[in-house]
Amino acid sequence: MYQIIDGKKISQEIKDELKEQVAQLKAEGKSRCLAVVQVGNDPASGVYVNNKKKACEYIGIDSLSYELPEETNEEELLKLIGELNTREDVNGILVQLPVPKHIDEEKILLAIAPEKDVDGFHPVNVGNLSIGRPGYVSCTPAGIIQLLKRSGIEIEGKECVVLGRSNIVGKPMAMLLLRENGTVTVCHSRTKNLKEITKRADILVAAIGKPKFIDASYVKEGAVVIDVGIHRNENNKLCGDVDFDSVAPHCSAITPVPGGVGPMTIAMLMNNCVNGVL
Ligand code: GUN
């Protein structure tokens, strides 16, 4: 029998712990405030931003919301970030991605003060993670480490295989697993003999962005499988990068989609807002 790693439950536990911490901070006269910036009205971004604001409210973090029109230019957005950087009452800044095409995303991420970069996307924070210094860590991979730890899954000495090398998930995931003393391999679209590598994994993290790509033939018997993907299948139902029904019977533990990794991203964002660096 396999264990289903319940991201909904674990993220709720984390949010409840944070709520207590924020109440304690408030009693000491300290507050936390996240500024959320969205440019344009991409519907998916709208849902994410709303969920982030709701999570702030639940935990007791103040939030400032900036919903800027699609036509906003780079200069205007940089000016707002500059102002938020200097505001003492704001301790976290998040610019929802993607930004419209006429704005240079890299320039925006570089403009956010590293000490307020609760997404962990600024090169200073990415660099700190890679050399083992404290810094903000990208929320999805940080959430995956929490899922593993809080499910009693040991990482030390394990063969960890990460599928995908994005800046937001794959690369920071590899760094975090290394920090936990895992033996880490990163695979990507140009990897040869992919199955040979994934079949070695004690812990397999799938973040490739292809619906149901990973079936049982990629997975070692008894492996832990973490699914970062989120897609809609032909029946408009949510599914991940992993073909759950095919893979689950061969696992010791697996995350479902929805209700696995997804809810952890916001919980870890909230953690970054409350606790600062990891
Ligand atoms: N767009 C999709 N995921 C994210 C995220 O984690 N942070 C930001 N800022 N934008 C996103």
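These numbers were taken from a predicted model, which means no experiment stands behind them. In what follows, every heavy atom counts, from backbone to side chain, and hydrogens, waters and symmetry copies are set aside. Atoms within a ligand are numbered from 1 in the order they appear, just like the ligands themselves.
- Considering backbone and side-chain atoms together, Val95 places an N or O closer than 3.5 Å to an N or O of ligand 1.
- Atom 8 (C) of ligand 1 has Asp119 OD2, 3.4 Å as its closest protein atom, hydrogens excluded (heavy atom only).
- Between the side chains of Glu196 and Tyr218, no donor N or O sits under 3.5 Å from an acceptor N or O.
- At a 4.0 Å heavy-atom cut-off, ligand 1 touches Phe121 through the side chain alone.
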Check against side chain to side chain donor-acceptor pair (under 3.5 Å), Lys158 and Thr183: CA-CA 6 Å; Lys158 296 284 174 63; Thr183 302; over 6 Å; no

side-chain contact (heavy atoms from CB on, under 4.5 Å) between Lys220 and Glu159, worked out: CA-CA 11 Å; Lys220 179 170 81 172; Glu159 284 275 357; 5.7 Å; no

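- Ligand 1 is approached by Lys52 to a heavy-atom distance shorter than 4.0 Å.
- A 6.0 Å sphere centred on OH of Tyr58 holds more than 12 heavy atoms belonging to other residues, nucleotides or ligands.
- Nearest to atom 4 (C) of ligand 1 among the protein's heavy atoms is Gln96 NE2, 4.1 Å.
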Step-by-step side-chain contact (heavy atoms from CB on, under 4.5 Å) determination, Leu34 to Met270: CA-CA 9 Å; Leu34 172 67; Met270 297 297 108; 4.3 Å; yes

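- What sits closest to atom 1 (N) of ligand 1 on the protein, heavy atoms only, is Leu97 O, 2.9 Å.
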